Amino acid sequence: MSEPLLKVENLKKYFPVKRGIIEALRKVPVRYVRAVDGISFEIKRGEVLGLIGESGCGKTTAGRTVLRLIEPTAGRIVFDGTDITALSREELRPFRRRMQIIFQDPYSSLSPRMKIGDAIAHPLLVHGLAEKEEAKEIALKMLRRVGLTPEEEFYDRYPHHLSGGQRQRVVIARAMVLKPEFVVADEAVSMIDVSMRASILELLESFREEYNMSQLFITHDIAVGKLIADRIVVMYLGKIVEIGPTEEVLKNPAHPYTRALIQAVPSIARRKREKKLRITGEVPNAVNIPSGCRFHPRCPLADELCREREPELVEVGHNHFVACHHPLR
Ligand SMILES: Nc1ncnc2c1ncn2[C@@H]1O[C@H](COP(=O)(O)OP(=O)(O)OP(=O)(O)O)[C@@H](O)[C@H]1O
Ligand SMILES: [Mg+2]
């Protein structure tokens with residue numbers, strides 16, 4: 001077996017909650033949002049891991065911490081055999097080129113005053129990979145590659161001339177121009193018109209093939225995850241509750257939370273009359289994490305054990321793991 005490209009071990013990110021002056025004077029202890037609370041996973045070369053879960057469960061924080069755009073509170077990140085957790089800015093530079101991020105909002109991730117061609121050429125100049133003329137040539141090719149043609153015309157346009165879908169193509173081109181080995185795509189198609197989502201996903205897929213690129217594909221939309229991910233990881237309140245091959249997880253979800261998420265999406269829910277699992281309420285905030293299994297207050301199957309003891313991930317099928325005291329089978 002080849003070594004995974006990315007290995008994440010017990011990664012944590014806690015954000016301190018701002019205290020008011022009175023609380024500070026009273027020396028009320030600082031409390032923390034446990035946005036990511038000890039997650040471990042691996043991604044192989046060329047593999048797409050789909051990260052799903054409700055709003056606020058820590059997906060973005062996980063993605064950004066893996067890239068060290070946010071500093072981890074604890075844990076280890078190993079990229080291509082190198083532990084990058086504690087590398088200095090300078091030491092991290094060569095890795096920056098190899099790891100890219102695509103954000104959700106193509107409107108705010110492009111500078112309004114930069115021509116889109118220059119925006120794509122820019123990373124090449126920053127990383128010293130090309131001189132100006134050559135960078136322009138590469139950017140033109142890239143525009144063509146992502147379907148923005150005639151490329152000479154598009155080169156000189158500004159973001160406000162483009163549609164949301166076209167902007168996201170520019171954002172993807174800008175990330176791909178460095179030929180990254182790993183990309184975090186954070187809700188990359190969520191803000192894009194439904195009619196254009198498939199073509200953007202296909203574009204990402206084509207780059208995965210061309211570069212043998214790995215992806216952490218973050219989405220709250222399981223149907224999108226199903227289209228693109230080889231494996232799915234489900235997060236709840238900062239923890240992984242289930243992880244496994246996409247088909248297996250979607251067909252045989254073992255965690256009540258995963259099943260409820262799937263049942264909420266008619267297009268992928270199974271027709272078979274399986275018991276509907278209704279989860280009620282909202283995600284509790286990540287400051288006051290429930291005892292035991294953090295999902296227990298919303299879980300229809302919860303009992304005493306769930307309230308008391310936190311479940312560990314255990315294997316329930318080939319490469320399929322779940323953290324639940326009463327996994328569905
Ligand atoms: N910079 C920050 N400072 C304090 N708390 C933060 C910060 N960033 C995120 N959080 C908190 O961490 C938790 C996880 O947030 P995160 O944005 O990672 O969730 P998410 O799963 O990406 O949600 P969404 O689907 O809405 O994008 C939330 O409770 C959020 O309020
Ligand atoms: Mg997010």
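Everything numeric in this text was worked out from a predicted model, so none of it was measured.
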Problem set entry | Derivation of the side-chain contact (heavy atoms from CB on, under 4.5 Å) call for Glu23 and Arg31 | CA-CA 11 Å; Glu23 285 172 322; Arg31 302 198 309 156; over 6 Å; no
Kindly give the heavy-atom pair with the smallest separation between [X] and [Y], and that separation in Å.
X	Y	answer
Ser109	Val171	OG-CG2, 3.8 Å
Pro284	Leu237	O-CD2, 3.3 Å
Pro256	Leu301	CG-CD1, 3.8 Å

Does atom [atom1] of [X] have more than 12 heavy-atom neighbours from other groups under 6.0 Å away?
X	atom1	result
Glu131	CD	no
Ile21	CD1	no
Arg309	CZ	no
Arg144	CZ	no
Glu247	CD	no
Arg329	CZ	yes
Glu315	CD	yes

Under a 4.0 Å N-O cut-off, is there an ion pair linking [X] with [Y]?
X	Y	answer
Glu248	Lys251	no
Lys239	Asp37	no
Glu205	Arg208	yes
Glu153	Arg157	yes

- Message: Less than 3.5 Å apart, any donor N or O on the side chain of Thr85 or Asp83 sitting next to an acceptor on the other?
- Response: yes
Is there a donor in the side chain of Glu242 and an acceptor in the side chain of Tyr257, or the other way round, less than 3.5 Å apart? no
Backbone N/O of [Y] and side chain of [X]: donor-acceptor pair under 3.5 Å:
X	Y	value
Gln168	Val189	no
Lys59	Gly53	yes
Arg167	Leu110	no
His320	Val249	no
Arg19	Val28	yes
Arg197	Ile192	yes
Asn10	Gly75	no
Gln104	Met191	no
Arg169	Val146	yes

Exercise. If you draw the axis of the six-membered ring of Phe295, does the NZ or CZ of Arg298 fall within 45° of it and under 6.0 Å from the ring centre?
Worked result: no
Rounded to the nearest 0.5 Å, what's the gap from [atom1] on [X] to [atom2] on [Y]? Could you check?
X	Y	atom1	atom2	result
Gln100	Leu178	CD	CG	5.0 Å
Ile102	Ile218	CD1	CD1	11.0 Å
Lys226	Ile52	NZ	CD1	12.5 Å

Determine, step by step, whether His326 and Asp303 satisfy the side-chain contact (heavy atoms from CB on, under 4.5 Å) criterion, reporting the C-alpha distance in whole Å, the side-chain angles of both residues, the deciding distance to 0.1 Å, and the verdict. CA-CA 9 Å; His326 308 294; Asp303 62 12; 2.8 Å; yes
| said: Under 6.0 Å between ring centres: does that hold for His255 and Tyr236? | reply: no
- Query: Could you go step by step and tell me if Lys115 and Tyr158 meet the side-chain contact (heavy atoms from CB on, under 4.5 Å) rule?
  - Reply: CA-CA 5 Å; Lys115 289 178 183 172; Tyr158 288 90; 3.7 Å; yes
Would you call the rings of Phe79 and Phe95 parallel, tilted or perpendicular, where under 30° means parallel and over 60° means perpendicular?
perpendicular
What verdict does the side-chain contact (heavy atoms from CB on, under 4.5 Å) test give for Ser190 and His220, after you've listed the backbone C-alpha separation in whole Å, the side-chain angles of each residue and the deciding distance to 0.1 Å? CA-CA 9 Å; Ser190 307; His220 63 274; 3.9 Å; yes
Treating Ile, Leu, Val, Met, Phe, Trp and Tyr as nodes and any side-chain heavy-atom pair under 4.5 angstrom as an edge, say whether Leu203 and Phe154 lie in one connected cluster. yes
